[in-house]
Amino acid sequence: MDRYMGVPLSEVPAPAGSAAANYARHFVGELFLSTFKPLGLDPELYWMSELYRAGTMDSFIRTALDAATTVRAIYLRVSKVEKTADWLPISVICQTCGRIGTTHATDWDGETVAYACQPDMVAWATGCGASGRVAPFGGLAKLPFNVDWAAKWSHFGVTIEGCGKDLATAGGSRDRSDAIAREVFHREPPLNIPHEFINVGGKKMSTSRAQGAAAHEIAAVVPPEQIRLLLVRHRPQQAIEFNPDQTDAIPRLFDESDRLAAATAGRPVRGELPAHADRIFAASLPDAGMDPAAAAATFRPAFGHLALLVQIPGVNVAERAAAEKGSALTPAEVATLDGRIAAARAWLATYAPDAARIAVREDAASPNDDPAMRALLEDIANRLAAVAAPWTGDQVQEAIFNTATERAIPAGSVFAALYAAFLGRTSGPRAGWLLASLDPAFVIGRLREAAGSPTA
RNA sequence: GGGCCGUUAGCUCAGCGGCAGAGCAGGGGACUUUUAAUCCUCGUGUCGUGGGUUCGAAUCCCACACGGCCCUCCA
């Protein structure tokens with residue numbers, strides 16, 4: 001580890017087992033790109049290490065070194081950072097040990113600089129102590145971050161580039177780079193659009209601090225379209241509050257996505273829509289080639305509903321979805337459905353609040369308060385005991401309704417009593433199918449507990 | 001100590017000089033076989049606080065409070 005501290009990441013070997021050419025490519029390729037790609041972000045990459053090696057940056061290096069006095073003045077004026085009088089805006093790679101973080105360059109003579117690799121320049125790396133002169137071109141040195149940033153604007157002709165608020169602060173990195181662009185490279189810096197962060201539970205999302213959820217964890221649950229919506233629906237300078245843990249934030253994100261789709265497709269929508277709802281929807285589509293109108297018109301099963309259906313044994317979710325739509329699902333709709341089913345399962349396994357999970361009570365039910373209801377539950381138990389296992393959902397549902405009708409008790413209150421006995425709550429999925437999926441002896445026993453009758 | 005962004009309904013957020021809004025949550029109601037479904041209905045909230053500008057301020061200006069982030073290096 002120490003051996004590589006201070007060495008350019010492009011020169012550090014990739015971790016064992018990685019196929020990447022070096023450490024930088026390993027992380028950009030394996031982590032960033034694999035997360036971005038499903039989101040429809042397919043950037044064209046430039047590796048600065050290659051541009052430096054190819055000599056592309058040489059003219060900027062020369063300009064910066066010639067203007068070293070100006071650069072030092074900018075650091076002092078803009079950021080109140082005082083560099084020593086011999087400091088040069090160049091980071092030389094030590095010819096002996098390969099480190100870039102430990103070198104101090106001085107004495108630009110128009111072709112070469114002197115440098116020293118210092119053992120105690122920074123706390124996090126130890127220089128080898130070598131010194132010498134080097135022509136800082138062709139990849140033997142790099143520009144410091146702020147100068148490098150400004151140089152890139154000139155080289156790539158950048159006209160607009162946002163950045164996070166951490167860099168956009170007054171006297172911060174962006175201000176320094178802006179000043180360098182103007183005064184050293186004589187070019188107006190690109191239009192800046194500072195943007196906020198994503199907070200989880202009021203705190204900046206941070207994997208290293210184990211705070212809230214990590215991006216790749218959320219991406220494992222929320223499909224690309226909804227993640228894009230999360231990022232796109234707010235003003236950029238508004239921090240995004242997203243706390244999926246034990247909340248309905250994820251189902252709501254789906255609901256908003258579907259609402260925007262409905263509006264785009266011209267279907268009626270409750271309430272007021274945000275300005276440019278159709279544009280927000282189009283921007284949330286991960287595939288740039290996708291026709292927003294066509295995408296909006298497809299059937300989109302409600303996430304909350306799916307999260308319920310996947311928990312009920314014996315339910316054919318695809319059949320239910322087709323029934324709800326009123327016709328067979330298209331291949332694209334099947335793909336949407338499958339994606340949402342997977343998302344619903346992942347959500348239930350991770351972030352979902354307990355209230356969203358159906359769980360049959362382990363403990364015994366207490367007898368119902370109402371004598372008439374107790375008698376009715378006993379009646380249902382007896383009827384079911386006469387039905388040969390395995391029960392079907394229809395059989396159980398029929399037994400419930402027949403009993404309720406005969407005893408002139410509203411079906412609604414019977415169901416409430418059943419849910420209380422089995423789930424410990426007042427509502428739930430279709431009771432007949434729920435009970436049919438459980439062990440018959442258990443069901444009868446539980447019904448008699450709720451009826452207050454001896455179960456032996 | 002300096003700076004940037006934010007603060008609007010329980011939650012998430014629009015509105016950004018002209019009657020304070022939406023979704024969700026929540027309350028009430030409808031539906032005699034229940035998808036946690038569906039439908040109808042209900043919104044006074046010190047627009048963070050205090051000043052100022054204005055015929056008129058959530059909106060513009062100034063202070064202050066609170067929250068987040070930054071102000072050494074690296075990127």
Side-chain angles (χ1 to χ4, degrees), chain A residues 5-6 8-9 24 48 75 78-83 91 100-102 121-125 142 144-146 148-149 163-176 192 194-199 202-206 230 233-243 247-249 251-253 255-256 258-260 269-277 280 301-302 304-309 311-312 315 317 320-321 323-324 355-358 394 396-405 408-416 418-419 423 425-434:
Chain A
M5 290 304 287
L9 292 181
M48 290 312 291
Y75 271 70
V78 175
S79 303
K80 299 188 176 67
V81 172
E82 189 162 8
K83 299 290 187 183
S91 296
I100 193 171
T102 53
M121 181 171 151
V122 293
W124 43 270
K142 291 171 130 181
F145 172 58
N146 291 282
D148 177 76
W149 199 1
C163 66
K165 64 174 179 177
D166 52 338
L167 301 181
T169 189
S173 276
R174 181 62 186 236
D175 272 3
R176 286 201 293 271
N192 186 18
H195 56 79
E196 259 283 357
F197 291 157
I198 300 177
N199 293 337
K203 297 287 182 186
K204 177 182 169 185
M205 184 190 283
S206 170
L230 175 67
R233 70 172 163 170
H234 295 136
R235 302 162 7 247
Q237 70 272 30
Q238 167 88 33
I240 295 174
E241 288 291 342
F242 185 67
N243 184 13
T247 71
D248 62 349
R252 290 240 304 278
L253 188 56
D255 290 344
E256 183 64 7
D258 293 346
R259 211 167 82 95
L260 293 172
V269 165
R270 298 173 64 100
E272 287 179 12
L273 290 164
H276 311 301
I280 294 174
H305 186 191
L306 290 180
L308 170 69
L309 289 181
Q311 295 182 82
I312 306 175
V315 168
V317 180
R320 290 293 195 125
E324 196 180 319
R357 297 194 184 95
I358 294 172
D394 283 319
V396 179
Q397 195 82 344
E398 195 182 329
I400 295 167
F401 276 113
N402 288 347
T403 313
T405 306
I409 292 179
S413 59
V414 177
F415 281 106
L418 289 171
Y419 293 129
L423 303 180
R425 59 181 71 188
T426 56
S427 61
R430 304 185 76 187
W433 285 262
L434 176 68

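Below, chain A is the first sequence line, B the second, and so on; all start at residue 1. Computed from a prediction, not measured in an experiment: that's the story for all the values here.
- In secondary-structure terms, RNA chain B builds stems of at least 3 consecutive Watson-Crick or G-U pairs, each pair having both distances under 3.5 Å, at B:1-7 with B:65-71, B:10-13 with B:21-24, B:26-30 with B:38-42, B:48-52 with B:60-64.
- Side-chain atoms of A:Pro274 and A:Leu260, non-hydrogen and from C-beta on, do get closer than 4.5 Å to each other.
- Contacts of A:Asp148 classified as side-chain hydrogen bond (donor to acceptor under 3.5 Å, both in side chains), with partners at least two apart in sequence or in another chain: A:Tyr52, A:Lys152.
- Spacing between B:C60 and B:G18 at atom C1', rounded to whole Å, works out to 14 Å.
- Listed by chain and number, the residues in a salt bridge (Lys or Arg N to Asp or Glu O under 4.0 Å) with A:Lys165 are A:Glu196 (sequence neighbours excluded).
- Side chains of A:Val414 and A:Thr403 form no contact here, defined as non-hydrogen atoms less than 4.5 Å apart.
- Of all the heavy atoms in A:Ile400 and A:Gly432, the pair that sits closest is CD1-N, 4.4 Å.
- Using P as the reference atom, B:C11 and B:A25 are 15 Å apart when rounded to the nearest Å.
- By the side chain to side chain contact (heavy atoms under 4.5 Å, CB included) test, A:Ala399 pairs with A:Leu384, sequence neighbours left out.
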Distances for protein N/O vs nucleotides 73-75 of chain B N/O pairs under 3.5 angstrom?
from: B:C73; atom 1: OP1; to: A:Lys83; atom 2: NZ; distance (Å): 3.4
from: B:A75; atom 1: N6; to: A:Ser173; atom 2: OG; distance (Å): 2.8

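- Taking the side chain to side chain contact (heavy atoms under 4.5 Å, CB included) definition, one finds that A:Ser79 meets it with A:Val81, A:Arg176, sequence neighbours left out.
- For the P atoms, the distance from B:C16 to B:G48 is 16 Å, rounded to whole Å.
- For A:Arg174, the salt bridge (Lys or Arg N to Asp or Glu O under 4.0 Å) partners are A:Asp178, not counting sequence neighbours.
- In this structure, the side chain to side chain contact (heavy atoms under 4.5 Å, CB included) partners of A:Val269, at least two apart in sequence or on a different chain, are A:Arg259, A:Ala262, A:Ala263, A:Leu273.
- For the C1' atoms, the distance linking B:G68 with B:G27 amounts to 35 Å, nearest Å.
- Atom-to-atom, CG of A:Asp255 to P of B:G23 comes out at 13 Å; the value is rounded to the nearest Å.
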Can you pull every protein N or O that's under 3.5 Å from an N or O on nucleotides 4-11 of chain B?
from: B:C5; atom 1: O2'; to: A:Gln237; atom 2: O; distance (Å): 2.8

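- Both A:Arg357 and A:Asp248 sit near RNA chain B, but only A:Asp248 has its closest nucleotide nearer the 5' end.
- A:Cys163 and A:Trp149 make their closest contact through CB-CH2, 4.2 Å (heavy atoms, listed as atom of the first residue, atom of the second, distance).
- With sequence neighbours excluded, the residues forming a side chain to side chain contact (heavy atoms under 4.5 Å, CB included) with A:Ala302 are A:His305, listed by chain and number.
- Using a 4.0 Å heavy-atom cutoff across all strands shown, A:Leu306 reaches no nucleic acid atom at all.
- Following rounding to the nearest Å, A:Glu256 (CD) and B:A22 (C1') show an atom-to-atom distance of 9 Å.
- Comparing B:A30 with B:G67, their C1' atoms are spaced 45 Å from each other, to the whole Å.
- The CG-C1' distance, from A:Leu260 to B:A14, rounds to 13 Å in whole Å.
- With sequence neighbours left out, the salt bridge (Lys or Arg N to Asp or Glu O under 4.0 Å) criterion links A:Arg233 to no other residue.
- Heavy-atom minimum distance, A:Pro144 versus A:Tyr75: CB-OH, 4.4 Å.
- Here, B:U53 and B:G10 have their C1' atoms 35 Å apart, quoted to the whole Å.
- Atom-to-atom, CG of A:Asn243 to P of B:C13 comes out at 11 Å; the value is rounded to the nearest Å.
- Annotation: B:C19 and B:C62 have their C1' atoms spaced 29 Å apart (nearest Å).
- Straight-line distance between the P atoms of B:C42 and B:G23: roughly 12 Å, to the nearest whole Å.
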Could you write out each protein N or O paired with an N or O of nucleotides 19-21 of chain B at a distance under 3.5 Å?
from: B:G21; atom 1: O2'; to: A:Glu272; atom 2: OE1; distance (Å): 3.2
from: B:G21; atom 1: O2'; to: A:Glu272; atom 2: OE2; distance (Å): 3.4

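- When all heavy atoms of A:Ile240 and A:Leu230 are compared, the closest pair comes out as CD1-O, 3.5 Å.
- We find that NE2 of A:His234 is positioned 9 Å from C1' of B:A14, with the value rounded to whole Å.
- Smallest separation of non-hydrogen atoms from A:Ala249 and A:Phe242: CB-CE1, 4.1 Å.
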